[in-house]
There are 2 protein chains.
Amino acid sequence: MKRAYNFGAGPSALPTEVLEIAQKELLDYKGSGISIMEASHRSRLYDDVHQNAIGLVRKLYKLPDDFDVLFLQGGASLQFAMVPMNLYKGGKAEYANTGAWSKKAIKEAEIQGLNFDVVASSAESGFDHIPEVSFSDDCDFCHITSNNTIYGTQYQEYPKTASPLAIDASSDIFSREVDWERVGLMYAGAQKNAGPSGLTIVLIRKNLIDRVQESVPTMLRYKTHADANSLFNTPPTFGIYLLNLILQWIDAKGGIAKVDEENRKKAKLLYDAIDNSNGFYTGHARPDSRSLMNVSFNIREKDAALEAKLLEEAAKANMIGLKGHRSIGGLRASIYNAVPFEAVEALVDLMNDFAKRNA
Amino acid sequence: MKRAYNFGAGPSALPTEVLEIAQKELLDYKGSGISIMEASHRSRLYDDVHQNAIGLVRKLYKLPDDFDVLFLQGGASLQFAMVPMNLYKGGKAEYANTGAWSKKAIKEAEIQGLNFDVVASSAESGFDHIPEVSFSDDCDFCHITSNNTIYGTQYQEYPKTASPLAIDASSDIFSREVDWERVGLMYAGAQKNAGPSGLTIVLIRKNLIDRVQESVPTMLRYKTHADANSLFNTPPTFGIYLLNLILQWIDAKGGIAKVDEENRKKAKLLYDAIDNSNGFYTGHARPDSRSLMNVSFNIREKDAALEAKLLEEAAKANMIGLKGHRSIGGLRASIYNAVPFEAVEALVDLMNDFAKRNA
């Protein structure tokens with residue numbers, strides 16, 4: 001067996017070490033004679049996993065005590081609806097639009113009939129950067145997308161705002177430290193940096209939990225899950241088990257600051273290859289907005305034939321998931337936490353060689 | 001490694017053969033060099049799994065063409081809210097109350113302000129049977145709970161009704177054949193008979209999909225998922241992969257009728273042990289309402305000391321998950337599809353021996 005270099009945008013690479021543990025334990029978790037998947041969510045066996053995962057989120061993220069950690073389902077797509085359902089109080093909301101995922105979040109505000117504004121957007125330049133964002137002080141909530149997988153842009157830091165800031169961090173959760181002073185609520189589908197698909201992580205400031213109306217269905221209230229420590233109903237137990245293993249893996253590396261350092265090295269290697277290619281490769285994102293997670297680029301001015309050729313050579317060299325999103329074409333290397341440095345080295349070697357041969 | 005006999009109510013036993021395949025493939029699915037968990041939900045690799053799972057649901061359940069198969073998230077608990085959100089048209093709804101899960105479904109109808117009636121209930125006799133149910137012909141929908149895990153009761157057959165019937169089949173999906181003429185919508189959390197927690201299966205008659213209002217959030221409309229073949233957003237891919245393996249396992253056994261036959265043999269063995277114990281064991285459910293999935297029983301008139309002793313002896317003999325729900329105490333043996341006949345034999349041997357020793 002040779003593990004591929006997986007540059008897919010999500011679901012994406014998981015640490016090989018984590019999968020090896022999961023494999024070993026799959027039919028017999030810690031001598032119990034059952035898989036952790038087969039354990040009741042009310043059992044001691046599972047509860048240890050659940051509590052450990054919550055504890056590691058708190059520890060690794062240095063999460064203040066006035067935040068709750070929730071394990072939900074439905075992905076960011078359901079959070080787009082749950083955020084307004086839970087945080088809107090009949091005043092106003094503000095959104096920043098930095099691409100496809102922001103637009104989906106905004107659409108749910110429309111569907112729910114919120115009074116809201118889109119106060120910043122980079123739509124006019126093809127979402128190639130993160131715009132200046134300044135939110136009003138009197139919003140029920142405001143909303144940003146931390147990292148934009150398609151366009152390869154990322155907030156270098158989060159805006160300061162007096163209104164509660166809701167952040168979709170689906171594609172960069174656990175990849176860098178967070179200034180929690182600036183955050184009201186952060187949510188993420190797990191399937192990029194934190195586990196398999198089917199698990200949603202929500203980190204929410206406790207003072208935002210109680211404002212929900214009683215007309216909101218039970219399962220769609222953060223309060224339901226906060227009150228029950230995410231055990232109101234059966235959580236996605238295997239996903240939480242894998243999250244716990246991934247957090248242990250981050251912990252063993254030295255924590256999130258250390259992972260961030262590695263991510264910056266990986267990203268620098270790749271962006272340098274683009275910047276030093278004499279225009280052979282062209283990055284989509286403006287340098288001041290570049291993502292450390294998704295590097296979207298073209299060959300020259302979208303030379304589709306050469307791009308296809310590079311994809312083909314990459315596949316032969318065991319590198320997968322490099323095709324860019326159809327909306328901007330080209331290539332995209334997603335270099336989440338679990339993508340090893342050697343994978344990026346291999347890709348950069350190929351890119352340099354390919355540029356020479358096709359100059 | 002010795003696999004335990006797992007009688008847990010859910011999450012519960014999975015077929016050992018299925019877990020063995022999953023274990024083998026966990027780091028390298030079909031020579032791809034990646035886990036199926038690491039595959040994009042838009043990839044060919046995953047799409048084959050997705051389509052196969054849908055195809056097997058159709059084939060094994062003999063599902064008519066005018067039904068859609070949906071893979072969602074959030075469990076039955078979210079379906080309690082989604083059913084009225086999608087099916088209620090401002091007329092009326094009717095529910096049958098056969099226990100804790102029915103009550104939770106009914107609560108969501110209340111929260112949404114539906115005009116509804118509870119037209120049948122077995123609350124007065126401690127939910128020990130399935131009451132006669134007769135629904136009106138002019139409901140927007142009516143609702144039943146197919147099998148009641150706590151009380152060990154089960155509809156022997158579904159009521160005939162002119163109104164669309166929504167069925168919570170979380171604890172008996174894929175355990176017996178279904179007369180689809182009687183069904184409008186069937187839903188189930190996967191974690192009892194169909195896979196790990198975190199996957200929800202919805203089988204819905206196509207003519208019920210379009211009536212949803214545009215004020216319902218995108219992710220909460222069946223239409224969204226039906227239109228996108230359950231790929232509107234990232235589905236719980238690993239859960240669907242396991243579902244596919246479980247359906248293959250059922251197929252290899254000879255299909256659902258065959259599994260039902262095995263289930264009836266397991267249940268008969270257990271109920272016979274209760275009935276032939278001269279009152280040492282007392283079943284909770286009335287014989288005409290007995291569940292083939294969950295057998296809830298006490299020792300004499302709730303002899304808590306003896307019940308604890310039996311649980312302890314069972315644990316020593318590698319049998320787990322037998323403690324009854326706190327609301328009725330005693331013991332409960334959940335004997336879902338994946339619990340082998342030999343597990344039930346072992347339990348019955350212990351029960352017979354225990355009864356003799358403690359008569």
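Here is the naming used below: chain letters follow the sequence lines, and residue numbers restart at 1 for every chain. When reading the values below, keep in mind they use all heavy atoms of this one structure, side chains included, and skip hydrogens, waters and symmetry mates. If you're wondering where the values come from, they're calculated on a predicted model, not measured in any experiment.
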* **Residues of residues 221-238 of chain B near chain A, each having a heavy atom less than 4.5 Å away** => B/R221, B/F232, B/N233, B/T234, B/P235, B/P236, B/T237, B/F238
Quick one: does [X]'s side chain have a donor or acceptor within less than 3.5 Å of a partner on [Y]'s backbone?
X	Y	answer
B/Q23	A/Q23	yes
B/E38	A/A13	no
A/E108	B/T218	yes
A/N6	B/I34	no

Look up atom [atom1] in [X] and atom [atom2] in [Y], then write down how far apart they are to the nearest 0.5 Å.
X	Y	atom1	atom2	answer
A/M37	B/L14	CE	CG	6.0 Å
A/L45	B/I320	CG	CD1	8.0 Å
B/L19	A/L26	CG	CG	5.5 Å

* To do: Please lay out, stage by stage, how A/R3 and B/D28 fare under the test side-chain contact (heavy atoms from CB on, under 4.5 Å).
  => CA-CA 7 Å; A/R3 292 265 293 161; B/D28 183 15; 5.8 Å; no
* To do: Select all residues of residues 193-201 of chain A having any heavy atom within less than 4.5 Å of some heavy atom of chain B, and report them by number, or 'none'.
  => A/P196, A/S197, A/G198
* Asked: Is the number of heavy atoms from other residues, nucleotides or ligands within 6.0 Å of CD (A/E17) greater than 12?
  -> yes
* Structure fact -> Most heavy-atom pairs under 4.5 Å with chain B, out of A/A22, A/S77, A/G239, A/A81, belong to A/S77
What part of [X] gets within 4.5 angstrom of chain B, counting heavy atoms only: side chain, backbone, both, or neither?
X	value
A/L72	neither
A/S35	both
A/M82	neither
A/K323	neither
A/S43	neither

* To do: May I ask you to name which of B/P11, B/A39, B/S40 has the most heavy-atom pairs under 4.5 Å with chain A?
  => B/P11
* Structure fact -> Residue from B/G74, B/G75, B/P217 scoring the most non-hydrogen pairs under 4.5 Å with chain A is B/G74
* Asked: Quick one: does B/V216's side chain get under 4.5 Å of A/I111's, heavy atoms only?
  -> no
